[in-house]
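We count residues from 1, following the sequence as given.
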Amino acid sequence: MHLKIALLAGDGIGPEVLAQSVKCLEAIGETFNHDFTFSKALVGAGAIEKSGTPLPEKTLERCADSDAILFGTIGTPRYDNDPSARIRPEQGLLQLRKELGLFANIRPVKMFPEIISNSPLRKDLVKGTDFVIYRELTGGIYFGEKKLSEDGSVASDLCEYTEKEISRIAHLAFKAAKKRRKKLTLVDKANVLETSRLWRKVVTQIADSYPEVTMECLYIDNAAVQLLLNPSSFDVILTDNMFGDMLSDQGSVIIGSQGLLPSASIGEHHCMFEPVHGSYPQAKGENKANPVASILSTALLLDHFGLREEYNAVVASVRKSLQKKIVTPDILGSSKYGTDYVGDFIADHITDIDDDMNMNDENIGLGKSTII
């Protein structure tokens, strides 16, 4: 298979972790006889510095002309610490999602047995955790009209959703639930928000078309609590843009590190894959950022294009690194391994998975989350 892949490294540790994903894709290409063509483009703070905009037109054109996008991270302290900045790196990512129609963000949260001790929660609570968040990505408060009074003392953000926006991601989430454990949890705030009441109305109607899937509704505050009390009880979580953003960060707490969570952003014609974690500017250039989330995002890319064996090879190699404790310090505080070494280990072992590791069943838990 030939795929054109746009590389948007972004800010902070983005270039470092993305480089490890490219290593793994190159190993997959060599092992399975695929041809991956990579092209780099600017986004975020670096793009602002060079072009005055966080998403240059050339970057958008390159992404639109690619089969897939691998994204690094975005954001820097210069803008994070300046609430008055009118142009911000994050605007480039939001615009990219909107322009390419990437309406479905899929975030699997899976506890690998090899690192269960890394979780701050009790082992009996996190054992068996394997859920996926379907987050609506191009609507809601992040994209609503924003106002600031002339004197800067009053601000507002409009949260708006249409039935169409809710329906299209709801169908994807129900289809995923059918292929998993047949349970879907809608997370909203329908007791307060009109948009949430619309979500509940539309999703409840759609549920009638999927009788094999059990649907439940939880308010966001209760869902956040239940995720910590009983994370293994969740299967597919469906929610809006802002709530999905929050819950997926909480998922990283469950498994013990943001450096382990991948994501896929899917539209009708385009797709993008990126780690859930932020730009971690404090670690920039120090060779200690965890590349696993970015590498697992690459695995989701392979799975999206039907390359199931290739996907399994990447995940199995990641698990081998966890089993042998070839990890960055966020997994084991005393770890002496850096970003590059961990990336090299995973890439080098993609074709050298021990037969007795019996990983296939565990691998399926992550892959089945992305069936569209």
Side-chain angles (χ1 to χ4, degrees), residues 5-25 38 40-50 53-56 59-60 62-63 68-82 85 87-97 100 102 105-109 133 135 137 142 241 244-246 248-249 251-253 255 257-265 271-301 318 328-331 338-340 342-343 346:
I5 301 174
L7 302 177
L8 275 60
D11 308 318
I13 61 171
E16 298 168 61
V17 297
L18 193 63
Q20 313 316 311
S21 290
V22 172
K23 289 178 184 177
C24 292
L25 273 179
F38 303 104
K40 297 180 180 180
L42 289 173
V43 70
I48 294 175
E49 294 171 4
K50 292 191 176 183
T53 174
L55 183 65
T59 297
L60 183 58
R62 182 160 297 175
C63 290
I69 305 161
L70 275 180
F71 197 94
T73 63
I74 205 162
T76 65
R78 172 186 171 186
Y79 296 95
D80 293 343
N81 299 328
D82 182 8
I87 300 177
R88 311 182 67 85
E90 293 80 5
Q91 292 170 346
L93 180 56
L94 293 176
Q95 183 185 353
L96 184 63
R97 291 169 176 169
L100 298 183
L102 305 176
N105 186 232
I106 305 165
R107 298 186 169 189
V109 179
I133 299 173
R135 169 192 173 192
L137 202 59
Y142 289 178
N241 205 338
D245 195 3
M246 296 173 178
S248 55
D249 284 343
S252 69
V253 175
I255 64 173
S257 173
Q258 279 195 325
L260 297 171
L261 290 186
S263 77
S265 298
C271 55
M272 182 168 71
F273 304 86
E274 61 180 305
V276 170
H277 62 70
S279 61
Y280 194 14
Q282 303 91 331
K284 179 181 179 181
E286 296 190 9
N287 193 35
K288 67 179 184 181
N290 191 341
V292 168
S294 183
I295 291 171
L296 288 178
S297 297
T298 300
L300 296 184
L301 182 157
V318 167
T328 46
D330 60 302
I331 304 299
T339 307
D340 291 339
V342 173
I346 294 172

Report task. Measure the OG-CG distance between S21 and L70 for me, rounded to the nearest 0.5 Å. Result -> 6.0 Å
Report task. Could you walk me through whether N290 and V17 pass the side chain to side chain contact (heavy atoms under 4.5 Å, CB included) test, one step at a time? Result -> CA-CA 7 Å; N290 191 341; V17 297; over 6 Å; no
Report summary line: Closest non-hydrogen atoms of I48 and P89, given as atom of the first, atom of the second and distance, are CD1-N, 3.8 Å
Query raised in the report: Which distance, rounded to the nearest 0.5 Å, do you find between the CD1 of I331 and the OG of S257?
Result: 4.0 Å
Query raised in the report: With sequence neighbours left out, which residue pairs that include part of residues 280-289 fulfil the side chain to side chain donor-acceptor pair (under 3.5 Å) condition?
Result: E286-K288
Requested in this report: Quick one: closest heavy-atom pair of S279 and D11, and the distance?
Outcome: CB-O, 4.0 Å
Report summary line: The side chain to side chain contact (heavy atoms under 4.5 Å, CB included) partner of V318 among I295, V342, L260 is I295
Report task. To the nearest 0.5 Å, tell me how far T76 OG1 sits from R78 CZ. Result -> 7.0 Å
Query - 4.5 Å side-chain heavy-atom contact, L60 and L100 - result: yes
Query raised in the report: Run the side chain to side chain contact (heavy atoms under 4.5 Å, CB included) check on M272 and L93 step by step: do they pass?
Result: CA-CA 11 Å; M272 182 168 71; L93 180 56; 3.8 Å; yes
Report summary line: Here the pair of heavy atoms bringing L102 nearest to L96 is CD1-O, 4.5 Å
**Report entry** Side-chain touch Q20/I346, heavy atoms, less than 4.5 angstrom
**Finding:** no
Query raised in the report: Once you round to the nearest 0.5 Å, how far does OG1 of T73 lie from CD1 of I13?
Result: 5.5 Å
Report summary line: When rounded to the nearest 0.5 Å, the distance separating CG of L7 from CZ of R62 is 10.0 Å
Report task. Work out which heavy atom in P108 is nearest to a heavy atom in L261; give both atom names and the distance. Result -> O-CD2, 3.7 Å
**Report entry** Step-by-step side chain to side chain contact (heavy atoms under 4.5 Å, CB included) determination, L8 to I74
**Finding:** CA-CA 10 Å; L8 275 60; I74 205 162; over 6 Å; no
Requested in this report: With side chain to side chain contact (heavy atoms under 4.5 Å, CB included) as the test, would you mind laying out the steps for V276 and D249 before giving the verdict?
Outcome: CA-CA 8 Å; V276 170; D249 284 343; 3.9 Å; yes
Query raised in the report: Nearest 0.5 Å, what's the SG-CG distance between C271 and L300?
Result: 11.0 Å
Query - Under 3.5 Å donor-acceptor, T328 side chain and T339 backbone - result: no
Query raised in the report: What closest approach, in Å, do H277 and A293 show between heavy atoms, and which atom pair accounts for it?
Result: CD2-CB, 3.8 Å
Query - N105 backbone acceptor or donor facing S265 side chain under 3.5 Å - result: no
Query raised in the report: Do you know which two heavy atoms are closest between D340 and K23, and how far apart they sit?
Result: O-NZ, 3.6 Å
Query raised in the report: Can you name the side-chain hydrogen bond (donor to acceptor under 3.5 Å, both in side chains) partners of S297, sequence neighbours left out?
Result: none
**Report entry** Side-chain donor or acceptor of S263 paired with backbone N/O of R107 under 3.5 Å
**Finding:** no
